[in-house]
Enquirer: 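Here it is, the structure, as structure tokens.
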Amino acid sequence: MPQYQIDFSPRLSGEVHVSTAKNAVLPILAAALLTQEEIIIHQVPKLTDVTHMLDILRACGAEVSQEEDSVRVRAVSVTSPKENALLRTMRASVLILGPLLARCGECLLSMPGGCAIGQRPIDLHLKGLQKLGARVEQEGGTVQVSGCLRGGNIYLDFPSVGATENLIMAAALTRGVTRIENAAKEPEITDLCRFLTCMGARIAGAGTANIMIEGVECLHGAEYTPIPDRIEAGTLACAAALTEGSVLLEGARTDHMRALLFKLTESGMICQEDARGLRLRGKARHPMEARTLSYPGFPTDMQAPLMVVATQTHGLSVFLETIFENRYMHVVELKRLGAQIRVEGQLALIQGGRALNGAHVTATDLRAAAALMLAGLIAQGRTTLSDPGGHLMRGYEGLEDKLKALGAEVKKVPSS
Ligand code: UD1
């Protein structure tokens with residue numbers, strides 16, 4: 001079980017490079033199943049979620065090889081993976097549904113289970129595919145989706161990121177025109193569309209709520225470097241805000257981080273974009289209000305890290321989580337460190353200005369893990385963070401090393 005020791009770490013300073021976005025890389029790797037030709041992806045982050053996705057592609061029949069940080073995938077013939085355990089390890093495994101269905105007319109998938117932050121059903125993925133002519137049969141823990149697809153009109157009841165990605169991938173290789181209304185607008189979706197366009201797909205409206213895809217007969221090979229990780233960059237920005245740091249996040253895309261930067265600036269930080277990335281100076285002092293929303297609203301993945309920042313401002317901050325039903329699990333752990341937070345349903349009230357004190361805390365999910373590591377930086381004494389689910393290694397490429405490079409006292413230790 002991974003464990004981290006974090007000691008009080010005043011004033012982070014220096015520069016770190018932002019890794020490539022996990023949430024962009026995963027759908028892009030799934031999209032490699034859409035062609036027989038070779039796909040090469042560069043700057044792939046070393047994350048266990050990526051390793052799982054590569055294993056899933058192999059289980060679908062693709063040849064996968066890695067050289068330094070580049071991945072090559074060649075999916076000459078594809079089939080549904082037999083290994084259900086592999087699919088259940090990661091929610092994003094559902095992203096192979098659209099590509100497999102479009103490529104070979106059927107996909108048999110073990111239903112991804114609920115997870116700690118919420119139930120996370122896949123009804124929107126399935127309803128959208130049905131609009132394109134797919135038959136959906138669910139039995140026990142599996143779902144079988146089959147049929148020869150044709151273009152169609154889809155309205156998403158909610159702008160689900162994964163459903164939008166799955167439907168775009170399916171439609172790219174489906175005869176006719178598909179229109180998706182109320183599509184998700186996250187930068188990772190625009191990036192997926194840019195990659196698919198490199199493969200020969202015809203897509204208009206990526207990054208807006210109305211996406212139109214004109215299906216093509218076949219897609220070809222491509223070489224691509226996905227976008228930087230706005231959540232990793234945001235998490236490091238919160239670390240700077242907590243410690244009155246002076247930090248350069250090299251390669252950060254500030255245009256993807258507006259909602260967070262707006263909050264940090266309102267709170268007293270100086271956030272400046274320059275040719276190398278994002279520069280942050282100062283300290284977040286004023287309390288804030290944050291309501292999680294679909295992009296370009298404030299991202300749910302930044303709610304936990306920003307909440308740690310709120311614990312150190314002067315006054316009462318109000319957070320509202322509207323995307324996932326159970327995404328306040330870090331609150332119990334933050335309270336162990338001395339934070340004063342009250343949760344009422346979707347609402348969290350954070351009384352700032354309380355000093356935190358080191359304690360033993362446990363990571364319950366990916367973003368909670370990062371938030372607790374940040375909290376350890378400003379807690380007096382030593383904080384021990386247990387991460388039984390290996391969440392940090394799933395989703396952040398060497399977060400502890402990046403914080404260390406900025407002067408933080410963080411280290412990974414053998415678990416006791
Ligand atoms: C993606 C991100 C995740 C982020 C989330 C919201 C990846 C790999 N993960 O997850 O980091 O937190 O977007 O920004 O990109 N829902 C349904 N039915 C569905 C699909 C979703 O009810 O068929 C609900 C979910 O339960 C959740 C909400 O919609 O409450 C958002 O989910 P969605 O946008 O699909 O998130 P993911 O794609 O799973």
Side-chain angles (χ1 to χ4, degrees), residues 20-31 45 47-50 52-53 56 87 89-98 109 111-131 134 136 138 143 145 154-170 180 182-193 209 226-227 229-232 234-235 256-257 259-260 291-306 320-330 346 365-371 391 394-396:
T20 305
K22 164 183 89 74
N23 287 354
V25 169
L26 296 177
I28 284 173
L29 287 173
L47 302 170
T48 46
D49 269 8
V50 170
H52 279 136
M53 183 54 96
I56 289 169
L87 300 175
T89 51
M90 183 177 65
R91 286 282 313 166
S93 62
V94 73
L95 293 171
I96 63 171
L97 189 54
L109 208 62
M111 284 285 278
C115 75
I117 60 172
Q119 293 188 27
R120 304 180 86 175
I122 60 165
D123 55 319
L124 299 173
H125 302 238
L126 299 177
K127 264 168 80 175
L129 292 171
Q130 279 172 320
K131 287 279 182 201
V136 175
Q138 280 174 263
V143 57
V145 189
I154 299 166
Y155 176 84
L156 288 176
D157 291 327
F158 177 85
S160 152
V161 174
T164 303
E165 291 168 341
N166 240 335
L167 295 168
I168 292 171
M169 290 189 279
I180 308 174
N182 200 26
K185 302 190 279 262
E186 270 68 2
E188 293 75 18
I189 289 173
T190 311
D191 205 40
L192 171 66
C193 291
I227 52 173
D229 196 322
R230 63 193 166 103
I231 306 301
E232 182 205 60
T235 304
H256 295 165
M257 300 170 64
L260 173 71
R291 173 196 297 253
T292 64
L293 288 169
S294 299
Y295 190 84
F298 183 79
T300 174
D301 287 348
M302 284 309 308
Q303 179 255 109
L306 190 70
L320 189 70
E321 171 60 56
T322 75
I323 306 292
F324 289 107
E325 62 269 29
N326 192 22
R327 216 172 197 185
Y328 282 140
M329 283 178 298
H330 48 281
Q346 293 179 299
D365 63 81
L366 177 58
R367 308 306 174 186
H391 296 292
R394 272 189 48 214
Y396 293 88

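Note that these values count all heavy atoms, side chains included, but never hydrogens, waters or copies made by symmetry. FYI, the numbering just counts along the sequence from 1. Both counts, for ligands and for their atoms, begin at 1 and track the order of listing.
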Enquirer: According to side chain to side chain contact (heavy atoms under 4.5 Å, CB included), who are the partners of Pro305, at least two apart in sequence or on a separate chain?
Expert: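 Only Thr235, Cys238, Met302, Ala371, Leu374 meet the side chain to side chain contact (heavy atoms under 4.5 Å, CB included) criterion with Pro305.
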Enquirer: Taking all non-hydrogen atoms of both residues, which atom of Leu124 and which atom of Phe158 are closest, and how far apart?
Expert: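 Taking every non-hydrogen atom into account, CD1-O, 3.8 Å.
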Enquirer: Any luck finding a side-chain donor-acceptor pair between Gln346 and Thr322 under 3.5 Å?
Expert: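 No donor-acceptor contact under 3.5 Å links the two side chains.
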Enquirer: Under a strict 4.0 Å criterion on non-hydrogen atoms, which protein residues are in contact with ligand 1?
Expert: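 Its neighbours under 4.0 Å (heavy atoms only) are Asn23, Arg120, Pro121, Ile122, Asp123, Leu124, His125, Phe158, Ser160, Val161, Gly162, Thr300, Asp301, Ile323, Phe324, Arg327, given by chain and number.
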Enquirer: Could I get the full list of side-chain hydrogen bond (donor to acceptor under 3.5 Å, both in side chains) partners for Lys127, not counting sequence neighbours?
Expert: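 If we apply the side-chain hydrogen bond (donor to acceptor under 3.5 Å, both in side chains) test to Lys127, skipping adjacent residues, the hits are Asp157.
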Enquirer: So, Asp49 and Arg91, do they make that salt bridge, N to O below 4.0 Å?
Expert: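 Salt bridge absent between Asp49 and Arg91.
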Enquirer: List in chain and number order the residues that pass side chain to side chain contact (heavy atoms under 4.5 Å, CB included) with Ala184, two or more places apart in sequence or in another chain; answer none if no residue qualifies.
Expert: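 Here the qualifying residues are Pro159, Val161, Thr164, Glu186, Ile189.
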